[in-house]
Amino acid sequence: MNHGPVIFLAAFLALTASWFGFVLMPDIQVGGLQQTNMVGVAATYPVERPGLAREGLDVYRANGCASCHSQQVRQSGTVCNVVMTDAGTNRVAVIDVLTQELPDTSRSEIEQMLVGLPKTVLKGSDRPKANRMVRALKSSGAKSSLSIVPVGPDIARGWGKRQTVAEDFLYDDPVMLGSQRIGPDLANVGLREPDARWEYLHLYAPRLEVKGSIMPPFRYLFDERKIGQAPSPDALALPPDLAPPHGYEIVPTRKAQGLVAYLLSLQATAPLFNAPLTVPPSAEPTAQTNAPSKNP
Amino acid sequence: MVSSQTTTQSPSVQSQSAATMAPNSPVPSAAVPAATDTQPPVPSPSEIDFSCRLPLLVLFLSGAVWLLIASAFALIGSIKFHAPDFLAGTPWLTYGRVRPAFIDSLLYGFCIQAGLGVSLWLLARLGQTRLNRRWAVTAGAAVWNLGLTIGVVGILWGDSSGFAGFEIPRYAIPLMFMGYVMLAFGSVVVFNQRRRRELFVSEWFLLAALFWFPWILSTAALLLDASPVRGVVQAIISWWYSSNLQTVWLGLVGLAAVFYMLPKLLARPLHTRYLALFTFWTLILFGTWTGVPASAPVPAWIPALSTAATVLTLLTIIAVAVSFYQTACDRSADALVRSSDQPAVKAQARTRTSALLSSPERLALWFVTWGVLGFIVAGVMRVLSTLPGLSETLGLTWFTPAQSMLNLYGFFSLVMFGAIYHILPGVIGIQFPSTRRVRAHFWLALSGIALVVLPLAGAGILEGVELQNPARAFVEISSATLPFLRVSTLGDLVIAAGHVLFSWTLAELVLKCYRARAVSAYKTATADLFHPVEVKS
């Protein structure tokens with residue numbers, strides 16, 4: 001009996017199964033991704049990067065910035081905080097609720113909590129407990145809100161407010177997520193260092209801005225030119241040992257301007273349903289009574 | 001096109017005594033059918049070797065040149081960790097361009113070319129066929145090299161595609177694709193014309209590899225370059241492509257060479273055919289799904305599936321380890337020979353062993369043995385870096401390049417060096433000019449790989465652990481990894497020295513071969529001129 005074609009077909013299927021799984025399926029699921037609504041804000045996300053930043057993506061690609069920088073913020077989970085914004089009028093009831101919900105806290109500390117609102121009254125808790133507390137506070141007449149806070153070493157380091165998700169890269173081509181952190185993660189560099197001057201100086205002379213940095217300088221992205229009638233507003237303010245000769249100035253080229261515009265546009269902070277930052281407290285359970293609503 | 005007897009072949013491979021092995025094949029000679037009566041006689045091994053000479057020399061020599069180029073790029077990149085300002089003023093030598101140029105030169109320049117050369121030779125030898133289309137294959141190698149040269153220059157020029165492991169610019173890909181198809185076509189024709197119809201396990205591996213690379217390359221070229229898919233699908237496809245190339249393709253070709261060379265050099269049967277086939281199926285079933293890191297900003301099922309598949313590649317690793325151990329360390333075959341009553345068998349075994357001890361074959365065996373160990377360790381490192389609980393620490397650190405370097409150098413390149421040292425003397429018809437140089441290459445390669453992989457892995461673990469502590473500034477962490485990275489420069493240097501010896505040996509062999517041919521051609525051409533003189537005297 002001739003098993004050859006069967007074996008050939010089996011090997012073919014074994015190999016190409018991964019093609020269906022990791023090429024076709026993701027394209028069906030993620031390739032058709034559209035703009036989505038942000039949570040709690042009346043805005044859509046993502047929006048396309050501005051033109052100069054799109055040019056900058058090309059500079060980022062050409063110089064292989066992704067060889068040293070990842071754009072992947074990881075989170076290990078989320079915790080819930082409860083923020084009290086208004087204690088209402090029934091102080092005693094609020095204190096009672098807080099004492100009940102926070103058994104480890106002394107009464108004097110709880111009384112302190114009511115001073116200088118808004119204040120975070122519950123930190124790092126799980127969702128059911130936070131929901132219960134928000135409901136209890138509401139019944140006592142206080143106003144509070146529940147916020148969801150992503151946690152993890154990357155977020156604690158200040159590299160982002162939440163994990164990066166597929167939506168953050170929807171309009172980028174090519175998508176360069178990086179595989180290694182020889183330098184810091186850049187998914188939110190526009191949030192960390194929003195100053196274009198800082199970025200220019202850092203590109204021109206990294207160790208001027210970050211002591212001990214191992215980033216190579218990118219001086220070929222800058223021009224040295226003779227000062228015209230007036231110094232350029234973009235000219236770098238360099239210390240004497242790096243300054244150009246008298247009468248000359250260092251100005252960023254179009255490439256450097258694009259790169260910096262791209263870096264400043266890297267801000268993956270929009271709260272999304274699949275990557276929540278803060279969501280309003282869950283709706284009150286309303287199906288408890290058949291009585292007609294007060295405001296029809 | 002696959003033989004009808006693949007599964008019906010006798011399972012007695014492991015039970016055959018070493019004495020009945022055909023000297024030129026890892027398959028017992030008893031298994032060769034006598035069904036070739038109606039066909040012209042089977043070509044001798046030296047005839048087959050000779051028919052492959054030109055394409056093999058082109059592939060191996062250009063591979064050696066790419067190794068030297070890759071080493072130069074690796075050194076430039078590595079020195080930047082001693083002095084960040086080193087060559088920083090030259091755009092085309094910035095780290096972000098030199099590093100991809102290094103990886104692509106090594107991967108596409110040496111690994112794939114050497115792999116294709118070894119595949120061609122293995123298919124010809126195992127199928128007992130001459131290569132009849134050597135000019136097509138040689139032209140394919142030339143086109144591939146042309147495409148790759150354009151590609152690497154393009155990367156330095158700033159035209160990199162931006163996808164790790166697939167940085168070759170879009171205008172160079174069609175040439176490389178064409179070159180590959182020409183090369184692979186030659187191999188497939190050789191396979192199709194094979195005289196021995198039943199397949200040895202290596203042929204399974206090689207056929208799957210030959211077929212799979214055009215598939216993944218065209219997918220990447222079409223969906224990343226020609227009409228790019230949207231958003232992170234690009235990243236998923238690029239991970240899929242590069243792990244299918246570096247885990248599956250290199251794994252298939254490297255293991256094909258291992259499963260051929262180990263029994264051949266040890267003069268023992270392979271333990272066992274079924275274990276090797278198990279390796280094949282697990283590699284193509286699970287290896288193809290690896291590569292997506294746990295931190296990827298994609299729907300969660302993708303990294304989860306990838307992690308599960310990566311853990312399942314442990315089956316492949318265990319199968320290779322068991323097969324290697326039983327083939328290399330199991331003494332039963334030797335004992336059988338020793339207890340044999342026939343003096344002829346004993347004498348044959350003794351001469352073979354002593355020849356093994358003194359000849360360069362033994363060095364080839366060393367290369368292959370350490371290559372297998374590299375495969376096992378690199379595979380375990382890959383599993384470790386994706387395990388939940390460890391991936392958060394080891395992911396996105398220097399551990400990843402350490403693993404990839406071990407896979408490229410410590411597994412694939414070592415196996416290829418062994419195979420080339422084994423193949424080349426026969427193909428050229430000249431023994432090694434210097435066994436000492438081959439030995440030096442072996443030790444340089446081994447210590448260089450250790451000096452690259454161990455420090456990088458150490459740097460990765462340190463970086464990963466330190467990054468868990470948000471109080472520690474990033475600059476302090478990167479400074480703490482610097483001593484490790486600087487030691488790895490030494491490793492790059494030692495590896496480069498090994499590559500110089502390798503290229504030197506190759507070049508000397510080829511020069512000797514062509515000088516001998518030129519001398520004999522000159523003698524033939526001038527024989528008539530001298531003949532009358534002799535007649536006079």
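Convention: sequence-line order gives letters A, B, ...; per-chain numbering from 1. Reckoned from all heavy atoms, side chains included, excluding hydrogens, waters and symmetry mates. These numbers were taken from a predicted model, which means no experiment stands behind them.
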A quick test of your reading: do over 12 heavy atoms of other residues, nucleotides or ligands sit less than 6.0 Å from CH2 of B/Trp92?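 No, CH2 of B/Trp92 has 12 or fewer neighbouring heavy atoms, counting only those of other groups under 6.0 Å.
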Interface moiety of [X] toward chain A, non-hydrogen atoms closer than 4.5 Å:
X: B/Pro100; answer: side chain
X: B/Gln234; answer: side chain
X: B/Thr397; answer: backbone
X: B/Ser238; answer: neither
X: B/Ile216; answer: neither
X: B/Trp289; answer: both
X: B/Phe211; answer: side chain
X: B/Trp239; answer: side chain
X: B/Leu485; answer: neither
X: B/Leu87; answer: neither
X: B/Thr288; answer: both
X: B/Thr282; answer: neither
X: B/Val292; answer: side chain
X: B/Phe81; answer: side chain

Checking [X] against chain B: side chain, backbone, both or neither under 4.5 Å from a heavy atom?
X: A/Ala66; result: neither
X: A/Gln29; result: side chain
X: A/Val210; result: side chain
X: A/Ala268; result: neither

Whether B/Arg99 engages the ring of B/Phe102 as a cation-pi pair (distance to the six-membered ring centre under 6.0 angstrom, angle to the ring normal within 45°) should be assessed.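 That pair does not qualify as a cation-pi contact.
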Closest-packed option against chain A by number of heavy-atom pairs under 4.5 Å, given [options]:
options: B/Pro293, B/Ala471, B/Gly291, B/Pro228; result: B/Pro228
options: B/Ser479, B/Ala235, B/Pro470, B/Pro91; result: B/Pro91
options: B/Gly287, B/Gly395, B/Pro299, B/Ser295; result: B/Ser295

Side-chain donor-acceptor pair present, [X], [Y], cut-off under 3.5 Å:
X: A/Asn63; Y: A/Tyr220; answer: yes
X: A/Trp159; Y: A/Asn188; answer: no
X: B/Thr219; Y: A/Trp19; answer: yes
X: A/Tyr60; Y: A/Gln71; answer: yes
X: A/Asn81; Y: A/Thr120; answer: no

Contact winner vs chain B - [options], heavy-atom pairs under 4.5 Å:
options: A/Ala187, A/Cys65, A/Ala275, A/Gly183; result: A/Gly183
options: A/Ser213, A/Ala11, A/Pro216, A/Ser70; result: A/Ala11
options: A/Asp173, A/Asn274, A/Val73; result: A/Asp173
options: A/Asp58, A/Leu177, A/Leu13, A/Val59; result: A/Leu177
options: A/Gly32, A/Gly158, A/Ala17; result: A/Ala17
options: A/Ala62, A/Cys68, A/Pro206; result: A/Ala62

Please name the pair of heavy atoms, one in A/Ser18 and one in B/Trp240, separated by the smallest distance, quoted to 0.1 Å. OG-NE1, 3.1 Å
ring-ring contact (aromatic ring centres under 6.0 Å, His included) assessment of B/Trp215 paired with A/Phe12: CA-CA 11 Å; B/Trp215 185 291; A/Phe12 178 80; 5.7 Å; yes
I'd like to know whether A/Asp168 forms a side chain to side chain donor-acceptor pair (under 3.5 Å) with A/Tyr45, so could you lay out the CA-CA distance, the side-chain angles of the two residues, the decisive distance to 0.1 Å, and finally the verdict. CA-CA 8 Å; A/Asp168 298 330; A/Tyr45 183 83; 2.7 Å; yes
Please step through salt bridge (Lys or Arg N to Asp or Glu O under 4.0 Å) for the pair A/Arg181 and A/Asp154, ending with a clear verdict. CA-CA 12 Å; A/Arg181 287 167 170 174; A/Asp154 288 359; 2.9 Å; yes
Less than 4.0 angstrom from a charged side-chain N to a carboxylate O is my criterion; do A/Asp172 and A/Arg49 meet it? yes
Between the side chains of B/Asp159 and A/Arg61, is the shortest nitrogen-to-carboxylate-oxygen separation below 4.0 Å, so that they form an ion pair? no
Please confirm whether the ring centroid of B/Phe163 lies under 6.0 Å from the ring centroid of B/Tyr241. no
